[in-house]
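Scope of the values below: all heavy atoms of this structure, side chains included, with no hydrogens, waters or symmetry mates. Every number for a ligand or one of its atoms is a count from 1 in the order of the listing.
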Amino acid sequence: MDDKDKITVTSPLLPDLDEFHSMLKEIWASKWVTNNGQFYKQLEQALCEYLKVPYISIFTNGTLPLLTALQAMRITGEVITTPYTFVATTHSIWWNGCRPVFVDIKEDTCGIDPHRIEAAITPNTTAIMPVHCYGMPVDMEHIQNIADKYGLKVIYDAAHAFGVEVNGKSVLNAGDMSTLSFHATKVYNTLEGGALIMHDEKTKKRIDYLKNFGFAGETEVVAPGINSKMDEVRAAYGLLNLRLVDDAIAKRQYVANRYREALRDVPGIRFFEDTPGVRHNYIYFPIFISEEQYGCSRDELYFRMKEHGIWGRRYFYPLISTFSTYRGLPSATQENLPVATKIANEVICLPMHSSLSDEDIERIINEIKRP
Ligand code: T4K
């Protein structure tokens, strides 16, 4: 198969090159390339408005905000999370010297099952880190009630939830903090990048210190910080991409609807419908294969598609709880995680991005429908 015929799971949203070039010229003229530059400040402001959040701090990627949020809140001991996510979620807990405690997910969102959280709480639990997996909002009210009851912090890994709203309100305002990823593979990207969303100015100030080595002034260091500031080049790129993101989401919605229409009657294939009241961002289009009804296994379909140039991805297989670092944890057993185990064995994320053509979509659908 020719590489040009290959359809990948995603493709980055790219700004107009001439416009980007003009902004690069401004950066070159100013000779200010990082550390709180003009475009950086503009991007933080523009993102607050677009995302309907009060405060944001932008980062070099989506992993460092997770690490920094845990540091900022001095989280210790055990952190409740799920194994059905990208490894960055769990690694951020581990890198902070904490122990992840895995709780199973719900089939209708692939997010944490709030009904199973209380049973996982011990005297060492200090926080919950839920994930809005595929941008599907988890039950934030239920989670907050549990957190309030036990005095726990809630940090949302909202890497997939750029622009996702429930009844007109951003999901990024839930909990104590939420993180975003602006990686090239996301709905909105700054090449690499990410952000932390918080509720008040004091916390933003502290986060800004932490991501700048802990500096609170020229000579004062208030914490063992790290370097995770976004530079001017990526901030400029981000400002341009922000203008394109609504159209990109609309195009993704079109792709999702084409998939849904075509696959609704295929036995053994499930997918998410839109949730009433939710503004989805269509970051991924996962389908779940029931081998018995579909007639072949997830992996058979996955490799057949690949053979024909359609590179879906099995996000998130294998489960994080099966990796060597984590499989010895008491919460990592298959018996504790029946839904996550099942879903991880059924999922394929179909190609989903704003530059898919009608012919591409047709090719993908035909491959899935092929007997
Ligand atoms: N939390 C969650 C829940 C996350 O999903 C992620 C990241 C994070 C935290 C951490 O955020 P970051 O630190 O990454 O900002 C990708 C991404 O690297 C990762 O950002 C993402 N989640 C994860 C789910 O997927 P890979 O290893 O699958 O990506 P890769 O390089 O195989 O790319 C996938 C496809 O995308 C390629 O086949 C083609 C296309 N692509 C990719 C790149 C990089 C392009 O067309 N152009 C490109 O430049 O991890």
Is the Y282 ring parallel, tilted or perpendicular to the H280 ring (thresholds 30°, 60°)?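 Judged by the thresholds at 30° and 60°, the geometry between Y282 and H280 is tilted.
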
Within ligand 1, which atoms have a heavy atom of [X] less than 4.0 Å away?
{"X": "A159", "result": "1 (N), 2 (C), 3 (C), 4 (C), 9 (C)"}
{"X": "A88", "result": "8 (C), 9 (C), 10 (C)"}
{"X": "G193", "result": "15 (O)"}
{"X": "Y284", "result": "24 (C)"}

With heavy-atom distances below 4.5 Å as the criterion, would you say the side chains of [X] and [Y] are in contact?
{"X": "T122", "Y": "E78", "answer": "yes"}
{"X": "V347", "Y": "R298", "answer": "yes"}
{"X": "I197", "Y": "M177", "answer": "no"}
{"X": "L152", "Y": "I121", "answer": "yes"}
{"X": "L350", "Y": "M305", "answer": "yes"}

Please test H91 against Y326 for side-chain contact (heavy atoms from CB on, under 4.5 Å), starting from the C-alpha separation and ending with a verdict. CA-CA 10 Å; H91 287 351; Y326 304 113; 2.7 Å; yes

Report yes if [X] has an N/O atom closer than 3.5 Å to an N/O atom of ligand 1; otherwise report no.
{"X": "T85", "answer": "no"}
{"X": "Y315", "answer": "yes"}
{"X": "F182", "answer": "no"}
{"X": "S11", "answer": "no"}
{"X": "D157", "answer": "yes"}
{"X": "S181", "answer": "yes"}

Would you mind checking which non-hydrogen protein atom is closest to [atom], with the distance to 0.1 Å?
{"atom": "atom 10 (C) of ligand 1", "answer": "T63 OG1, 3.5 Å"}
{"atom": "atom 40 (C) of ligand 1", "answer": "T10 O, 3.3 Å"}
{"atom": "atom 27 (O) of ligand 1", "answer": "R313 NH2, 4.0 Å"}
{"atom": "atom 4 (C) of ligand 1", "answer": "F86 CB, 3.4 Å"}
{"atom": "atom 12 (P) of ligand 1", "answer": "G62 N, 3.5 Å"}
{"atom": "atom 35 (C) of ligand 1", "answer": "V9 CG1, 3.8 Å"}
{"atom": "atom 5 (O) of ligand 1", "answer": "H160 NE2, 2.7 Å"}
{"atom": "atom 49 (O) of ligand 1", "answer": "A184 CB, 4.0 Å"}

Determine yes or no for a side-chain-to-main-chain donor-acceptor pair under 3.5 angstrom, with N241 supplying the side chain and L13 the backbone.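 Checking the backbone N and O of L13 against the side chain of N241, a donor-acceptor pair under 3.5 Å is found.
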
Backbone N/O of S331 and side chain of N336: donor-acceptor pair under 3.5 Å: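 Confirmed, N336 side chain pairs with S331 backbone.
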
So which pairs with a foot in residues 154-174 pass ring-ring contact (aromatic ring centres under 6.0 Å, His included), sequence neighbours left out?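 Residue pairs passing ring-ring contact (aromatic ring centres under 6.0 Å, His included), neighbours aside: Y50-F162, H132-Y156, H160-Y284, H160-F316, F162-Y188.
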
Kindly state each residue pair satisfying ring-ring contact (aromatic ring centres under 6.0 Å, His included) with at least one member in residues 223-274, sequence neighbours excluded. F20-Y237, Y259-F285, F271-F285, F272-F288

Return the option from T185, N61, I283 holding the heavy atom at the smallest distance from atom 42 (C) of ligand 1.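 It is T185 that holds the nearest heavy atom.
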
Judged on heavy-atom distance to atom 22 (N) of ligand 1, which of H353, E192, H183, K186 sits nearest?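 Answer by nearest heavy atom: K186.
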
Under 4.0 Å from atom 31 (O) of ligand 1, can you find at least one protein heavy atom?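 Given the 4.0 Å limit, the answer for atom 31 (O) of ligand 1 is no, no protein heavy atom qualifies.
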
Show your working on salt bridge (charged side-chain N to carboxylate O under 4.0 Å, His left out) between R264 and E273 and close with a plain yes or no. CA-CA 10 Å; R264 187 156 283 127; E273 299 287 355; 2.8 Å; yes

Cation-pi, F59 ring and K211 (6.0 angstrom, 45 degrees): yes

Work out whether the distance between some heavy atom of P12 and some atom of ligand 1 is less than 4.0 Å.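 Under 4.0 Å: yes for P12.
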
